[in-house]
Amino acid sequence: MKEVRTRFAPSPTGYLHVGGARTALFNYLYARAQKGKFILRIEDTDQVRSTEQSYHQVLDSLKWLGLEWDEGPEVGGPHGPYRQSERLHLYKEYAEKLIHEKKAYPCFCTADELDRKKKQREAMGLPYVYDGKCRNLTDAEVHEKKAAGMEHTIRFRTPAKEVIVDDIVQGSVRFDTAIIGDFIIVKSDGFASYNYAVVVDDHLMDITHVIRGVGHLSNTPRQIMIYEALGWQSPHWAHVSEIVGSDHKKLSKRHGATPITAFRDLGYTARAFNNYMALLGWSSPDGREYMTIDEQKSLFDVARCSKSPAMFDVFDLTKAAEVDLAQASIQDLEAYLFPKSKLNWLSNQHIRATPDAQFIQEILPFVKNSGVVPEEELSEKNERLRGILLSLRVYLDTLGQIKNYLPDFYLPFTPDPKDYATSEYFLAENFVSLSLAFERQIEQMSKGEKTGTLSPDLVKEAISLVGKELGIKGKPLFMGLRLASTGRLEGLELPVYLSLLGKERVITRLKKMAALK
RNA sequence: GUCCCCUUCGUCUAGAGGUUAGGACUCGGGAUUUUCAUUCCCGCAACAGGGGUUCGAUUCCCCUAGGGGACGCCA
């Protein structure tokens, strides 16, 4: 059987967003599932809008997601070049062939002229189709106009017929070519237009499956006609649903789509993000939702993709309704995230599943970014930091959230009496004696220990001794001590918590809390 | 306006001519955790509406409504 070859073909006219990234993911997963190849091609024939900066941004995003392409920019391959701007000679070659065979023709209509006609039609409420003014120019006329230096485009001579797109996702869809008309395949700047270039490239690159957004479905009959005109075989089509935002509008660069890099900067792992994107429009046969990328690579099938649009339900509209999420800073985006989204749940699951060493390595930049950990302790070898991070990981939906927990372990303790005014454990009569007894026990028991260290076992022992000494047990004992020694009513298991805080900080907190009374 | 597509819990979705319409996230309740989170259990919650076809329709067909997309010398 023929090797499956899929491709992702972004245009470098902006950043990569969820819509495009999910298309890339599907192409990648399908190629992997079929043991085929995944090709990256850059569609930069829009000379006005394509930028080098955008090109790098798109590649960076794909790399972060881990969607490694087998052929394409930077890695090369036997079907190159992989940037359309470097394939101009190919488009020219086949355009000439089409003209020679009278399947395409030069058109000298100006943009202004066309624009005027279009507006007229629209004013009458009619759809615009090219009127075919240049369709039947004689060779002499063409010659003459060219000699006069008139700019021209090349139009495809659309046959009157019905084209059927046989689509893996959408089924059979019929189109009447009368509403398409003769369309431009080469622009007046000599660059191929999308519908033409994509056919030449896909054919020459031996693409077997075109997986893309359903927005392209209505372009497909044009492409099929070109395949036919050139005597080539069409690839298999798979038009997957679009992704819409919480407002039910398609995600696009102009409309609320957040750059992929923003999710990286927020502290989502690529593993979690891919998992979430895979679930947008696709479901695994057994219904499993938490999946590693390897599982996705073996399970993915474009035939299981849904036709109806999927909502990227990650931002809280009640907070972000009037905001342009595409422009928002990371800080702002964080505030607009819906804290209980499925993405966050998946992200938390993936963070927990990450091997320790990898987790530490991945979170370190975010730890650094929090700005509260001293430079000399900012290392994956630092035992205390490792302990803190590993203990805290179950709380994290994103790696970026670590900054909410770190100050407690690294910044000076400054309790505010107001916070405790109504706390039953603080108000308890024995609060101070509990505190004093605990401090004494800790001091006494840790005499022989290394400076600063406080083992969980030692803390456990101290707690029970204090309980016996003062005749307190149960919740009042544990919660009282928790408040007295940490200043908080929630957090890690107390012995672990205090051990990570270290002896000095615990003693300081005990003193400060007791002094508040 | 023309053409195309879509519509199952709030969200992601499974499903199939006969099911108590299933799962996941969220939410509510309970248990465990001497705290919070976790974990576990239980629960709330859906086939857009109207016509057909059929013994039987949420599933097939038509219409309506709503939504989306395409109608470029953008991709």
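Convention: sequence-line order gives letters A, B, ...; per-chain numbering from 1. In what follows, every heavy atom counts, from backbone to side chain, and hydrogens, waters and symmetry copies are set aside.
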- Which part of the nucleic acid, if any, lies within reach of His216(A) when heavy atoms closer than 4.0 Å are counted: base, sugar-phosphate only, or nothing? base
- Residue-phosphate contact under 4.0 Å: Ser218(A) side-chain N/O, rG69(B) OP1/OP2: no
- Query: Got more than 12 heavy atoms from elsewhere within 6.0 Å of CD, Glu162(A)?
  - Reply: yes
- Atom CG of Asp397(A) to atom C1' of rU38(B): distance rounded to whole Å? 12 Å
- Message: Using the P atom as the point on both nucleotides, what is the distance between rG56(B) and rG18(B), in whole Å?
- Response: 14 Å
- State whether the number of non-hydrogen atoms from other residues, nucleotides or ligands found under 6.0 Å of Lys145(A) atom NZ is greater than 12. no
- How close or far is atom P of rU2(B) from atom CZ of Phe175(A), stated in whole angstroms? 17 Å
- Just wondering, more than 12 heavy atoms not from Lys117(A) lying within 6.0 Å of its NZ? yes
- Paired with rC3(B): which nucleotide, if any, by Watson-Crick or G-U wobble criteria at under 3.5 Å for both distances? rG69(B)
- Reckon Ile184(A) touches a base, only the sugar-phosphate, or nothing at all at heavy-atom distances under 4.0 Å? base
- Message: In whole Å, measure the gap between the C1' atoms of rC47(B) and rU13(B) for me.
- Response: 13 Å
- For nucleotides rC25(B) and rA46(B), find the distance between their C1' atoms and express it as a whole number of Å. 15 Å
- Task: Just call it for Glu151(A): base, sugar-phosphate, or nothing, with non-hydrogen atoms closer than 4.0 Å on any strand.
- Result: nothing
- Within residues 299-311 of chain A: residues closer than 4.0 Å to RNA chain B (heavy atoms): Arg304(A), Lys307(A), Ser308(A), Pro309(A), Ala310(A), Met311(A)
- Message: Using a heavy-atom cut-off of 4.0 Å across all strands, would you classify Gly281(A) as base, sugar-phosphate, or nothing?
- Response: sugar-phosphate
- Among the candidates rU39(B), rG72(B), rC3(B), find the nucleotide nearest to the side-chain atoms of Lys118(A). rG72(B)
- Item | Pairing residues for Ser283(A) by the side-chain hydrogen bond (donor to acceptor under 3.5 Å, both in side chains) criterion, not counting sequence neighbours | Arg304(A)
- Task: Give me the residues of residues 476-489 of chain A where at least one heavy atom lies under 4.0 Å from an atom of RNA chain B, by number, or none.
- Result: Phe478(A), Met479(A), Arg482(A), Leu489(A)
- Message: Under 4.0 Å, heavy atoms only, any strand: does Asn344(A) hit a base, just the sugar-phosphate, or nothing?
- Response: nothing
- Note on the structure: 5' to 3', nucleotides 22-33 of chain B under a 4.0 Å protein heavy-atom cut-off (B base, S sugar-phosphate only, - none) gives -BBSSS------
- Any side-chain heavy atom of Leu40(A) sitting closer than 4.5 Å to one from Pro73(A)? yes
- Query: Expressed as a whole number of Å, how far does the C1' atom of rG23(B) sit from that of rG17(B)?
  - Reply: 23 Å
- Mind checking Tyr128(A) for me? I need base, sugar-phosphate or nothing, with any heavy atom below 4.0 Å counting as a touch. sugar-phosphate
- Item | rC73(B) base / Thr153(A) side chain donor-acceptor hit below 3.5 Å | no
- Message: Regarding rC12(B), can its base be found pairing with the side chain of Tyr276(A) as donor and acceptor, where the two atoms are less than 3.5 Å apart?
- Response: no
- Item | Distance, P atom - from rC12(B) to rU7(B), rounded to whole angstrom | 12 Å
- Heavy atoms under 4.0 Å, any strand shown: does Arg352(A) hit a base, just sugar-phosphate, or nothing? sugar-phosphate
- Item | Those residues of residues 158-174 of chain A lying under 4.0 Å from RNA chain B by at least one heavy atom | Gln170(A), Val173(A), Arg174(A)
- Please tell me which of the listed nucleotides, rG72(B), rC73(B), rC36(B), lies nearest to the side chain of Ala111(A)? rC73(B)
- Hits for salt bridge (Lys or Arg N to Asp or Glu O under 4.0 Å) against Asp182(A), two or more places apart or cross-chain, chain-then-number order -> Arg135(A)
- Any strand, both distances under 3.5 Å, Watson-Crick or G-U wobble: rU11(B) pairs with rA24(B)
- Task: Indicate, with a heavy-atom threshold strictly under 4.0 Å, whether Ser188(A) touches base, sugar-phosphate, or nothing.
- Result: base
- Query: When the C1' atoms of rG67(B) and rC60(B) are considered, how many whole Å apart are they?
  - Reply: 23 Å
- Atom-to-atom span, OH of Tyr196(A) to P of rA75(B) - whole angstrom: 14 Å
- Using both distances under 3.5 Å as the test, list the Watson-Crick or G-U wobble partner of rC60(B), or none. rG52(B)
- Note on the structure: Quick note, Lys250(A) side chain, CB onward, closest among rA70(B), rU35(B), rC36(B) is rA70(B)
- Query: Got a sec: does the CD of Glu429(A) have more than 12 other heavy atoms crowding it under 6.0 Å?
  - Reply: no
- For nucleotides rG22(B) and rC3(B), find the distance between their C1' atoms and express it as a whole number of Å. 37 Å
- Task: For Thr110(A), report the nucleic acid contact type (base, sugar-phosphate, nothing); a contact means any heavy atom under 4.0 Å.
- Result: base
- Item | Any strand: nucleotide that pairs with rA16(B) via Watson-Crick or wobble, under 3.5 Å | none
- Query: Counting any heavy atom closer than 4.0 Å, what does Thr45(A) reach on the DNA or RNA strands: base, sugar-phosphate only, or nothing?
  - Reply: sugar-phosphate
- Item | Pair partner, rU39(B) [Watson-Crick or wobble, under 3.5 Å] | rA31(B)
